[in-house]
Amino acid sequence: MLDQRLLRDDPELIRRQLSRRGLEVDLTGLQQIACQERDLEEQRSALQAEGNRIGREVGQRIQAGARPDGPEVAELREQGNRIKQQVAGLEEEEKALESRLRHQLLELPNLPSAQTPDGRSEADNVVVKTWGTPRQGPHPDGSPLQEHWQIAERLGLVDTERSVRIAQSRFVTLLGQGARLERALINFMLDRHNTAGYREVMPPILVNTASLTASGQLPKFAEESFRCAEDDLWLTPTAEVPLTSLHRDEVIPAEQLPLRYAAYTPCFRREAGSYGRDTRGLIRLHQFNKVEMYWFTRPEDSQAAHEQLTRDAEGVLEALELPYRRIELCSGDLGFSAARTYDLEVWLAGAGAYREISSCSTCADFQARRAAIRFRDGKKTRLVHTLNGSGLAIGRTMAALLEHGQQDDGCVRLPPSLIPYFGADRLTGAA
RNA sequence: GGAGAGGUGGCCGAGUGGUCGAAGGCGCAGCACUGGAAAUGCUGUAUAGGGGCAACUCUAUCGAGGGUUCGAAUCCCUCCCUCUCCGCCA
């Protein structure tokens with residue numbers, strides 16, 4: 001959420017920054033509401049001060065011997081009642097304005113950071129670096145490299161047809177070595193992050209409306225999440241949601257910062273409006289597994305933290321020997337809560353394309369303001385900065401491993417770092 | 001699901017209509033004392049919003065929301081949460 005004071009003082013700055021996202025908004029109305037609300041508050045609190053004074057005086061007179069039902073007390077009562085009515089009227093107006101203001105502010109995305117490059121769409125994103133050598137087909141025997149879903153089905157790692165029976169399309173059932181590899185990847189990543197100093201978290205994956213609002217999924221993107229209608233609970237679309245709310249409404253002691261967490265959770269997304277896209281395989285599912293990293297930092301540390309967070313995600317890809325590149329998102333392609341984002345794209349050898357596997361963002365104080373997460377800075381409290389990054393999306397990691405490690409004898413070789421977790425150096429489809 | 005108890009400041013805990021943002025204690029910070037520390041003493045120590053360059057000041061907040069009253073932590077209503085016991089259950 002954007003700062004109300006900034007809205008009152010410099011709406012032009014907000015307008016300019018939002019237009020970098022391709023969002024043209026007229027903020028004059030909103031600014032007026034904000035100022036009007038502040039004026040009302042001033043009037044109201046002055047009246048309340050007067051009312052408090054009268055209340056005190058009644059008490060004093062009665063204690064000094066005045067009769068509670070005498071004329072002088074009755075006069076004060078009369079005044080008190082008048083003020084009470086006026087206050088009630090002002091309060092009502094104020095509440096109405098406040099709620100309008102809040103609702104509209106909750107709909108506005110974060111301001112892009114000064115470092116974020118300008119641009120209108122995905123096409124304007126910037127390749128920051130590439131790592132590793134993308135494997136190009138075909139196999140030595142001349143047969144083309146396969147896509148991960150072909151390999152997965154051939155080796156019996158997944159069962160798509162039966163998944164529809166159990167749930168719907170866009171769900172997957174992992175079997176045998178497929179299930180085992182998924183589990184190995186989760187453990188591998190969590191252990192890695194643990195060693196790097198992230199505290200492991202296993203949060204609830206049903207989250208309430210306040211949590212989704214705090215991290216920015218609500219109110220604007222309600223159609224993206226699955227909802228349990230009878231319970232004010234939603235299936236979390238990412239561990240970012242419970243991790244943000246882990247410290248919602250808290251004041252964190254400054255010496256505890258930065259706080260770093262890593263959580264594995266299943267993630268649930270309705271993927272509304274993506275009909276026909278990525279219909280095969282593990283790329284786009286209603287339910288997928290992900291290990292998420294999350295930082296709470298002092299504002300002055302968040303930029304360095306963003307680099308470190310991204311490096312930590314890259315470290316997972318490097319340990320798995322998967323070629324990737326780092327993309328910096330342009331202002332027009334930023335997610336709702338992000339001020340600045342690096343996407344990591346892994347090379348899918350069979351598809352012959354880079355595919356997003358991690359998104360590492362700093363949200364500056366945007367989520368912290370929604371979630372009221374502060375830290376103590378001397379005498380004052382200030383908003384923290386929050387950062388999140390996938391480390392990594394498990395299904396997409398498996399896809400990349402299958403495509404990257406496929407051999408012409410039909411099996412899939414795994415990187416050495418994964419062998420202790422998986423218990424074998426290759427997938428053969430036996431078991 | 002049934003029965004009971006309870007939600008007060010960073011923590012413990014007092015407070016059943018009047019000047020209470022709230023006694024007392026703990027903790028924390030500063031100062032004094034000390035060679036240094038402990039102990040002791042003194043002082044200070046909530047959050048949010050508004051006004052002011054500032055000192056400071058106004059308003060709100062005792063789980064949340066509503067009500068009664070000139071005045072509510074205290075009385076009334078609704079809701080939420082926590083704990084204990086019973087039942088059920090991975």
Side-chain angles (χ1 to χ4, degrees), chain A residues 1-10 30-103 105-106 202-211 213-214 228 230-234 242 245-257 259 266 296 365 367-384:
Chain A
M1 192 159 61
L2 302 175
D3 189 2
Q4 291 192 27
R5 188 170 298 182
L6 185 64
L7 173 66
R8 288 198 304 258
D9 295 347
D10 196 355
L30 202 55
Q31 187 210 12
Q32 255 172 32
I33 294 176
C35 293
Q36 220 176 323
E37 194 220 329
R38 198 243 336 252
D39 294 346
L40 277 176
E41 181 181 340
E42 260 174 69
Q43 285 180 46
R44 192 213 68 219
S45 60
L47 265 175
Q48 280 174 320
E50 176 63 9
N52 287 343
R53 193 193 60 75
I54 290 171
R56 248 176 274 131
E57 198 176 326
V58 173
Q60 278 164 3
R61 299 235 180 143
I62 290 173
Q63 277 180 346
R67 290 185 43 186
D69 52 356
E72 55 174 334
V73 170
E75 166 67 19
L76 286 170
R77 269 190 193 155
E78 172 74 16
Q79 282 180 34
N81 273 325
R82 259 201 312 271
I83 287 174
K84 193 160 65 165
Q85 274 181 7
Q86 290 175 39
V87 167
L90 288 174
E91 253 176 354
E92 203 176 321
E93 268 185 79
E94 203 181 324
K95 269 191 186 163
L97 286 177
E98 202 182 322
S99 129
R100 266 174 72 192
L101 182 63
R102 183 176 162 76
H103 280 95
L105 277 176
L106 283 175
M202 198 168 279
I205 52 183
L206 294 189
V207 297
N208 57 35
T209 298
S211 294
T213 306
C228 308
E230 305 193 351
D231 296 296
D232 183 34
L233 286 170
W234 307 65
S245 284
L246 189 61
H247 289 294
R248 177 148 50 85
D249 295 317
E250 285 186 25
V251 178
I252 301 169
E255 65 273 15
Q256 286 181 17
L257 296 175
L259 283 169
F296 298 85
D365 62 10
Q367 291 180 325
R369 186 172 294 107
R370 289 175 161 245
I373 306 168
R374 293 140 295 161
F375 70 100
R376 189 161 299 287
D377 189 22
K379 198 112 171 72
K380 289 199 177 295
T381 60
R382 288 164 67 201
L383 295 171
V384 299

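Order of the sequence lines fixes the chain letters, A, B, ..., with proteins taken first and strands second; residue numbering starts at 1 for each chain.
The partner of B:U74, taking Watson-Crick or G-U wobble pairs whose two distances both stay under 3.5 Å, does not exist in any strand shown. Under the Watson-Crick or G-U wobble criterion, with both distances below 3.5 Å, B:U19 is left unpaired in every strand shown. B:C79 and B:G63 make up a base pair, with Watson-Crick or G-U wobble contacts both under 3.5 Å. B:U84: Watson-Crick or G-U partner is B:A3, with both key distances under 3.5 Å.
In this entry the distance linking CE of A:Met1 with C1' of B:A48 reads 13 Å, nearest Å. Atom CD of A:Glu98 and atom C1' of B:A48 are 11 Å apart (whole Å). Spacing between atom CD of A:Glu41 and atom P of B:U57 amounts to 19 Å, rounded to whole angstrom units. Rounded to whole Å, the distance from CD on A:Gln85 to P on B:G67 is 13 Å. One atom, CG of A:Asp249, and another, P of B:A64, lie 12 Å apart when rounded to the nearest Å. The interatomic distance linking A:Gln86 (CD) with B:C70 (P) rounds to 16 Å, in whole Å. Look at CG on A:Leu76: it is 17 Å from P on B:U69, rounded to the nearest Å. At whole-Å resolution of the value, CZ in A:Arg38 and C1' in B:A60 are 18 Å apart.
Toward the 5′ end of RNA chain B lies the nearest nucleotide of A:Gly55, the other residue of the pair A:Gly55 and A:Arg382 mapping further downstream.
Here the side chain of A:Ser45 is nearest to one of B:A48, B:U59, B:G50, namely B:U59. Distances from the side chain of A:Arg8 to the nucleotides B:G71, B:U47, B:G50 place B:G50 closest.
The pair A:Glu91-A:Lys95 fails the salt-bridge criterion, with no side-chain N (NZ, NE, NH1 or NH2) lying under 4.0 Å from an Asp/Glu carboxylate O. Using a cutoff of 4.0 Å between basic side-chain nitrogens and carboxylate oxygens, A:Glu57 and A:Arg53 are scored as salt-bridged.
Note on A:Ile83: nothing from the nucleic acid sits closer than 4.0 angstrom, heavy atoms only. Residue A:Arg53 is classed as having no contact, given no heavy-atom separation below 4.0 Å to the nucleic acid. Nucleic acid contact class of A:Arg376 (heavy atoms, under 4.0 Å, all strands): sugar-phosphate only.
Between the side chain of A:Ser45 and the main chain of A:Glu42, a donor-acceptor pair closer than 3.5 Å is present. Under the 3.5 Å distance criterion, the side-chain polar atoms of A:Arg370 are matched with a main-chain donor or acceptor of A:Leu106. Under a 3.5 Å cut-off, the side chain of A:Arg61 and the backbone N or O of A:Ala66 do not form any donor-acceptor pair.
Heavy atoms only, all atoms of each residue included: A:Ala34 and A:Leu7 are closest at CB-CD2, 3.9 Å. Nearest heavy-atom pair, A:Gln31 versus A:Arg8, reported as atom, atom and distance to 0.1 Å: NE2-O, 2.9 Å.
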What string of B, S and - do you get for nucleotides 74-82 of chain B 5' to 3' if you count protein non-hydrogen atoms under 4.0 Å?
---------
Taking it one step at a time, do A:Glu98 and A:Arg102 satisfy salt bridge (charged side-chain N to carboxylate O under 4.0 Å, His left out)?
CA-CA 6 Å; A:Glu98 202 182 322; A:Arg102 183 176 162 76; over 6 Å; no
Under 3.5 Å, N/O pairs linking protein and nucleotides 19-22 of chain B:
| residue | atom | partner | partner atom | Å |
| --- | --- | --- | --- | --- |
| B:U19 | O2 | A:Gln60 | NE2 | 3.0 |
| B:U19 | O4 | A:Gln63 | OE1 | 2.4 |

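Remark: A:Arg5 is not in phosphate contact with B:G49, judged by side-chain N or O atoms under 4.0 Å from OP1 or OP2. Contact annotation: A:Lys95 reaches the phosphate of B:G66 (side-chain N/O to OP1 or OP2, under 4.0 Å). Not one side-chain nitrogen or oxygen of A:Lys380 sits closer than 4.0 Å to the OP1 or OP2 atom of B:U47. Applying the 4.0 Å criterion to OP1 and OP2 of B:G71, one finds that A:Arg77 has every side-chain N and O outside that range. Side-chain nitrogen and oxygen atoms of A:Asn52 include at least one within less than 4.0 Å of the OP1 or OP2 phosphate oxygen of B:U59.
Using a 4.5 Å heavy-atom threshold, the side chains of A:Ser245 and A:Val207 count as separate.
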